[in-house]
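Computed from a predicted structure; not experimentally measured.
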Amino acid sequence: QRIEVRNVTASVLVKYGQSAVKDLIDALVDPNEDVRKFSADILGLARNPEAIADLCKSALEDEVNTVAVSSIEALGKIGGLSALPTLYEIFDRQQGMEAEAVEAIGLIGGEASVEFLSKRLEHADPIINFAIIDAFGNLGQSSGLPALYKFMLNAPDYLEEHISQAILKIGQIANCI
């Protein structure tokens, strides 16, 4: 029953959330971690760029991983370029949140993101490599193709199909194929 109430509340706040954005932003620092996570989730669904700075702070500083991850995901959904420096920092400094940061980077885009991901493509963790490859596909920028091609030459067999799919997606998004 509690989850039903949460879902109905979320739907109402998303529908009418623009007027509730300030309250949701304020809730990012509530003492209750469930309230903070819920607030980050709703801000992401509302896609209001006014929340970017506060979500960046939450993503970097909240000690509860689920709250930080919700903030990272919300940043990706909102899509503001101003979130990228925070997401780059999270990838480089917050172990365990790299895949979430990469997913958000891939949703936001920008040429700087292609460069950032190109330098991190040969990550030791295969899950993060999968996330980076997906992000390249989501970015859809042909400038990412040389890095993917170079990586593909020496990539483990289990990544080859995934890389090929990302390359095809880039071609479709960039109207090259």
Side-chain angles (χ1 to χ4, degrees), residues 10-11 14 17 37 40-60 62 65-177:
S11 296
V14 168
K37 182 187 179 321
D41 290 341
I42 300 305
L43 287 166
L45 293 171
R47 290 181 166 83
N48 188 312
E50 291 176 39
I52 291 174
D54 294 283
L55 285 166
C56 285
K57 183 175 168 117
S58 173
L60 284 169
D62 202 298
N65 280 352
T66 56
V67 176
V69 166
S70 288
S71 296
I72 292 167
E73 291 170 349
L75 290 168
K77 290 174 184 170
I78 294 170
L81 292 174
S82 62
L84 289 173
T86 297
L87 294 168
Y88 299 158
E89 181 179 343
I90 289 168
F91 181 90
D92 286 338
R93 297 193 178 152
Q94 289 186 252
Q95 188 174 10
M97 293 192 201
E98 297 96 337
E100 290 84 358
V102 166
E103 182 180 351
I105 290 166
L107 292 172
I108 294 172
E111 191 59 39
S113 295
V114 173
E115 184 178 332
F116 178 85
L117 294 172
S118 294
K119 293 178 182 176
R120 287 150 182 87
L121 187 53
E122 297 184 35
H123 199 278
D125 185 337
I127 292 172
I128 298 187
N129 281 326
F130 271 107
I132 292 172
I133 293 164
D134 278 346
F136 271 113
N138 290 333
L139 290 169
Q141 296 186 10
S142 59
S143 56
L145 291 172
L148 282 172
Y149 178 72
K150 181 181 173 192
F151 181 62
M152 189 174 182
L153 294 175
N154 298 311
D157 292 343
Y158 61 86
L159 287 175
E160 286 179 5
E161 183 178 343
H162 206 64
I163 296 168
S164 297
Q165 290 171 349
I167 290 170
L168 284 172
K169 189 172 182 181
I170 291 169
Q172 291 169 338
I173 291 172
N175 291 320
C176 298
I177 55 171

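Closest non-hydrogen pair, A59 versus L75, comes out as CB-CD1, 4.4 Å. Residues I163 and A155 share a closest heavy-atom pair of CD1-CB, 3.8 Å. When all heavy atoms of A135 and G106 are compared, the pair lying nearest together is CB-CA, 3.8 Å. Nearest approach of G96 to E100, heavy atoms of both residues: O-OE1, 3.7 Å. Across all their heavy atoms, S164 and M152 have their closest contact at OG-CE, 3.3 Å. Closest of all the heavy-atom pairs between P146 and S142 is CD-O, 3.7 Å.
Interatomic distance, I128 CD1 to F91 CZ, rounded to the nearest 0.5 Å: 5.5 Å. For the atom pair L43 CG and E50 CD, the distance stands at 10.0 Å (nearest 0.5 Å). The structure places CD1 of I78 at 5.0 Å from CG of L55, a figure rounded to the nearest 0.5 Å. Separation of atoms OG (S71) and CD1 (I52) is listed at 12.5 Å; rounding is to 0.5 Å. Considering CD1 of I108 and CG of N138, their distance stands at 12.0 Å, rounded to 0.5 Å. Taken from CE in M97 to CG in L87, the straight-line distance is 12.0 Å, to the nearest 0.5 Å.
Judged by distance alone, with hydrogens and angles left aside, the side-chain atoms of E160 form no donor-acceptor pair with the main-chain N or O of Y158 at under 3.5 Å. Looking at Y88, its side chain never comes within 3.5 Å of a backbone N or O of A101 through a donor-acceptor pair.
Side chain to side chain, K37 and S70 meet the donor-acceptor criterion of an N or O pair below 3.5 Å.
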query = What do the steps show when you test V69 against T66 for side chain to side chain contact (heavy atoms under 4.5 Å, CB included), and what is the final call?
reply = CA-CA 5 Å; V69 166; T66 56; 5.7 Å; no
request  = Please test K57 against T86 for side chain to side chain contact (heavy atoms under 4.5 Å, CB included), starting from the C-alpha separation and ending with a verdict.
outcome  = CA-CA 8 Å; K57 183 175 168 117; T86 297; over 6 Å; no
request  = Take L60 and Q94 through the test side chain to side chain contact (heavy atoms under 4.5 Å, CB included) and record every step on the way to the result.
outcome  = CA-CA 8 Å; L60 284 169; Q94 289 186 252; 3.6 Å; yes
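Residues F151 and I132 form no side-chain contact, since every pair of their non-hydrogen atoms from C-beta on lies 4.5 Å or further apart. Counting only heavy atoms from C-beta outward, the side chains of L84 and S113 approach each other to under 4.5 Å.
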Contacts under 3.5 angstrom, residues 118-125 side chains, donor-acceptor by atom type, not counting sequence neighbours:
unit_1: S118; atom_1: OG; unit_2: V114; atom_2: O; d: 2.7
unit_1: K119; atom_1: NZ; unit_2: E115; atom_2: OE2; d: 3.3
unit_1: R120; atom_1: NE; unit_2: D92; atom_2: OD1; d: 2.9
unit_1: R120; atom_1: NH1; unit_2: F116; atom_2: O; d: 2.9
unit_1: R120; atom_1: NH2; unit_2: D92; atom_2: OD2; d: 3.0
unit_1: H123; atom_1: ND1; unit_2: D125; atom_2: N; d: 3.0
unit_1: D125; atom_1: OD1; unit_2: I127; atom_2: N; d: 2.8

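Applying the 6.0 Å contact sphere to CD of E103 captures no more than 12 heavy atoms from other residues, nucleotides or ligands.
Of the residues I90, L117, I72, the one that meets the side-chain contact (heavy atoms from CB on, under 4.5 Å) test with I105 is L117.
Residues that satisfy the salt bridge (Lys or Arg N to Asp or Glu O under 4.0 Å) test with E111, not counting sequence neighbours, are absent from this structure.
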